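Below, all heavy atoms of this structure are taken into account, side chains as well, without hydrogens, waters or symmetry copies. So you know, we letter chains A, B, ... as the sequences are listed, proteins then strands, and number each from 1. Because the structure is predicted, anything quoted here is derived from the model rather than measured.
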Amino acid sequence: MMNRMSGTEFLDQLNPPQREAVTYGGGPLLIVAGAGSGKTRVLTYRIAYLVRHLGVDPGRILATTFTNKAAGEMKNRARALLGTAAGDLWVGTFHSTCTRILRKDIHHLGYSPGFVIYDEKDTESLAKEALRRCDLDEKIYTPSAMRWQIDRAKNDCLGPEGLAASADRAFGPQVTRVYEVYQQLLRENNALDFGDLIRLTVMLFERFPKVVEWYREKWEHVLVDEYQDTNMAQYRLVRLLAAGQQNLCCVGDEDQNIYSWRGATIRNILDFEKDFPGAHVVKLEENYRSTNAILQAAGAVVARNRRRREKSLWTSRSGGHPATLYQAPNEFEEARYVVREIGKLRREGFRAGDFAIFYRTNAQSRVIEECLLADNYAYTVVGGVKFYARAEVKDLLAYMRVLHNPLDAVGLKRIINSPPRGIGKTTIARAEDLARERGLHLADALRALVEDERTGAAARRKVGDFLASLRELQKEAGTLLPSALLQQIIARSGYVDKLRHQDTPESLSRIENIDELVTSIYAFEENTPDATLGIYLDQISLVADVDSLDETADRVVLMTVHSAKGLEFPVVFMLGMEETLFPHSLSRDDPEAVEEERRLCYVGMTRAKDRLYLSHAVSRRVFGSLRFNDPSRFLAEIPEELLDSQVAADRGWAAPERSPARPVIHRPGASSSRPLRRKPQDGERVIDYSFDQSSDYGDEPGDGNAGVPALEAGDRVSHPNLGRGTVERLEGEGRRTRVVVRFERGGTRTLMLAYSELEIV
DNA sequence: ACGCCCCCACTTTTT
DNA sequence: GTGGGGGCGT
């Protein structure tokens, strides 16, 4: 065991505000912790201080974090400080904590403690079913929109009645009905969705004072990390838990609130003193992570936001490289540049694991992956198509889920015919009708179907066989380890055999994924003392993408900016710093949403310790068609002297021999001239990178595609829907430029150049 | 009932 | 460019 601290000498390692935060006594405490200001250290030291100095039993401390990974780290660090004294310290995410509470006490609400947790896909099929039962047109009320609205309501801790009261949308009454039916379906399936985990815990606490009393007694101290990203349901939960002794310590930074779309509200941190009278506030403003150049650049961006507490983050790491701004002609060159720079820096002594590549959307990872692959770099992608969401993995997990909770109709429907065993749509539909008519569970309805003389002989046999094999598995489910059960499922269902038979590249990759699933279950069992099926299913339902990230592996890491929260890397690349991508086009009409994008940008930039690269591509393929994006407004918000601008001069996307025009980024107040705008010369296409910042963003509708290549009459173009054609002429100018195209299929069409998906061929 | 093929919608971000 | 869902042919 490492050198443990018996007294309080570890306080010497802290700066004054940190020490104040660690040693502050009882009562509500808010720690406003700027990026890289050592908040994890403060939290763990505070836990250690409570235990060592104030004699608090670790079992009476609850700490919540945003991801399981952060929870694991905090637990490890607390153990390192406290050793075995760390005892029963509970650190978890809100969701895992609530799951634990509900497993114990949900029976008060009339649910069974064996509930399963539905993921997004499951809840969407549930929403679909709810729509059918409400007799609503799925074309107008899409399952995903319904799911979204319900989720939003749950994040605000609203039930169907609450949603009805607050419904402001035209959909209002319908959504409320769907929500009711959806909720009833969850109950029938003995299932909960993510939102329910929090909301039902709040409900439990509010309706059963004895229960909340028990937990208040249990958790004398409550610590909440990433408080800026809590939603209303979580806020109410925190209030309920802290109501007694008020030993509440919240840590957060409103500049890093990036989950408002998940219901997180910045008000929680801004109103902390109002919510918890007598609250003490400590600000941590010294950054220990980044160079001054990086910190200044990031600070300049986020300073544009209105809704924030004024604070000044500083570092003693003076100087440092200015952030490198790179403009690439397209996303391929952007990716190649990144890989080239990685090569260069590696020769300077950086390790592969020192590099992180961030992007706004998961779809952007592919190009950079290909480039890394081409140069033989080891890399890891965090997130993207989630492992547990893959069809074959979900299928096998659905078996486990159904064995654990036979009422899970969504899971049952998933496995009833996978692998294909001759049970088709009509049979399933009949079973569902029967279930509805007689008020049976789907499993019982299937049984009834087998016994019904009117059912076709073939269907009776097939369904009967399926149910019999399920029964066989059921017998063992209770006693076998999850890994052994999975092996049994694979053996008896013939799932892998069928795939092996197909012998296609896809089926082989599916088998590989299944092997990976088996391996991961073994790993789980090794790390979990009493590994049961239930614990396993909970765990996989509640994992975050980033949880599996192994920072000790020496690999380049790729992830979305969202996933990067809470991490740090010596070298950070941020790709796709373009209007429509970052800030995302879906955010740009809403000033609040733009502020959130800006915070996201800030989060990304402040992950960098030593070097920061920002890049944008003039053109990029999105959905397979070519788009031209302006540089992100966030780039223009960084003072020029903090940027080292580079342009891809080595590869022409204009006429090959000519050097491309230097990009012009307008800075407010800077006396820069109009962007270069000259007449295209023969054989040359001019691309205008400028974007107009004089008009306050957002009030210029659809201004994403200002810079478009100069098209001329006679150019051959192609359109994704209309096919190929020839440009007849151009009308108007600027954003309102229209192109008249004669298509080969016949007919001419006039298209808005800025919006159309025309591509030069 | 199955499998193939076409077409569409998809891209914010995720516990 | 891709994956899922629906429709159609066997």
(request) Using a heavy-atom cut-off of under 4.0 Å over every strand shown, decide if A:Ser96 touches base, sugar-phosphate, or nothing. (result) nothing

(message) Could you check whether A:Ser96 and A:Thr99, counting side-chain N and O atoms only, form a donor-acceptor pair closer than 3.5 Å?
(response) no

(message) Heavy-atom nearest nucleotide on DNA chain B for A:Thr426 versus A:Glu596: which residue maps closer to 5'?
(response) A:Thr426

(message) In whole Å, I'd like the distance from the CH2 atom of A:Trp148 to the C1' atom of B:dT13.
(response) 9 Å

(message) Assess whether a salt bridge exists between A:Asp122 and A:Lys394, defined as any Lys/Arg side-chain N lying under 4.0 Å from an Asp/Glu carboxylate O.
(response) yes

(request) Assess the side chains of A:Asp225 and A:Thr65: does a donor N or O sit below 3.5 Å from an acceptor N or O? (result) no

(request) Would you mind telling me which of B:dG3, B:dT11, B:dT14 lies closest to the side-chain atoms of A:Phe623? (result) B:dT11

(message) Please give the distance between the C1' atoms of C:dG6 and B:dT11 as a whole number of Å.
(response) 22 Å

(message) What's the closest nucleotide to the side chain of A:Phe194 if the choices are B:dT13, B:dT15, B:dG3?
(response) B:dT15

(request) Consider the side chain of A:His584, meaning its heavy atoms from C-beta on, and name the nucleotide among B:dT15, B:dT11, B:dT13 that approaches it most closely. (result) B:dT11

(message) By nearest heavy atom, map A:Gly422 and A:Asp547 onto DNA chain B; which one lands nearer the 5' end?
(response) A:Gly422

(request) Report the distance from atom CZ of A:Arg430 to atom C1' of B:dA1, rounded to the nearest whole Å. (result) 15 Å

(request) Considering just the side-chain nitrogens and oxygens of A:Thr427, establish if one lies under 4.0 Å of OP1 or OP2 belonging to B:dA1. (result) yes

(request) Using a heavy-atom cut-off of under 4.0 Å over every strand shown, decide if A:Asn362 touches base, sugar-phosphate, or nothing. (result) sugar-phosphate

(message) Using whole Å, what does the distance between atom P of nucleotide B:dT15 and atom CE of A:Met232 come to?
(response) 22 Å

(request) Could you tell me whether A:Ser563 contacts a base, only the sugar-phosphate backbone, or nothing, with contacts defined as non-hydrogen atoms closer than 4.0 Å? (result) sugar-phosphate

(request) Scan A:Ile117, A:Asp547, A:Thr67, A:Thr93 and name whichever one has a side chain to side chain contact (heavy atoms under 4.5 Å, CB included) with A:Leu542. (result) A:Ile117

(request) Round to a whole Å and report the spacing from CZ of A:Arg598 to C1' of B:dT13. (result) 17 Å

(message) Measuring from the side chain of A:His95 (C-beta onward, heavy atoms only), which nucleotide among B:dT13, C:dT2, B:dT15 has the closest atom?
(response) B:dT15

(message) Assuming nearest nucleotide by heavy-atom distance, tell me which of A:Ala391 and A:Lys425 is located more 5' along DNA chain C.
(response) A:Ala391

(request) Take the protein atom CG of A:Asn68 and the nucleotide atom C1' of B:dT14, then report the distance between them rounded to whole Å. (result) 13 Å

(message) Is the base of B:dT15 stacked against the aromatic ring of A:Phe66, taking ring centres under 5.5 Å apart and planes under 30° as the test?
(response) no

(request) Give one of base, sugar-phosphate or nothing for A:Val561, where a contact means two heavy atoms less than 4.0 Å apart. (result) nothing

(request) Starting from C1' on B:dT13, measure out to CG on A:Asn155 and report it in whole angstrom. (result) 14 Å

(message) Which nucleotide wins on minimum distance to the side chain of A:Arg366, given the candidates C:dG1, B:dT11, B:dT13?
(response) C:dG1

(request) Check each of A:Phe358, A:Phe582, A:Trp261 against A:His562 using the ring pair (Phe, Tyr, Trp, His ring centres under 6.0 Å) test, and report the only one that passes. (result) A:Trp261

(request) Calculate the interatomic distance between A:Arg461 atom CZ and B:dA1 atom P; express it in whole Å. (result) 12 Å

(request) Measure the distance from CD1 on A:Ile117 to C1' on B:dT14 and round it to the nearest whole Å. (result) 15 Å

(request) Please determine, for the side chain of A:Asn417, which listed nucleotide (B:dT14, B:dC2, B:dT13) has the closest atom? (result) B:dC2

(request) Consider only side-chain N and O atoms of A:Asn268 and A:Tyr227, and report whether a donor and an acceptor are under 3.5 Å apart. (result) no

(request) Please tell me which of the listed nucleotides, B:dC2, B:dT14, C:dG6, lies nearest to the side chain of A:Lys128? (result) C:dG6

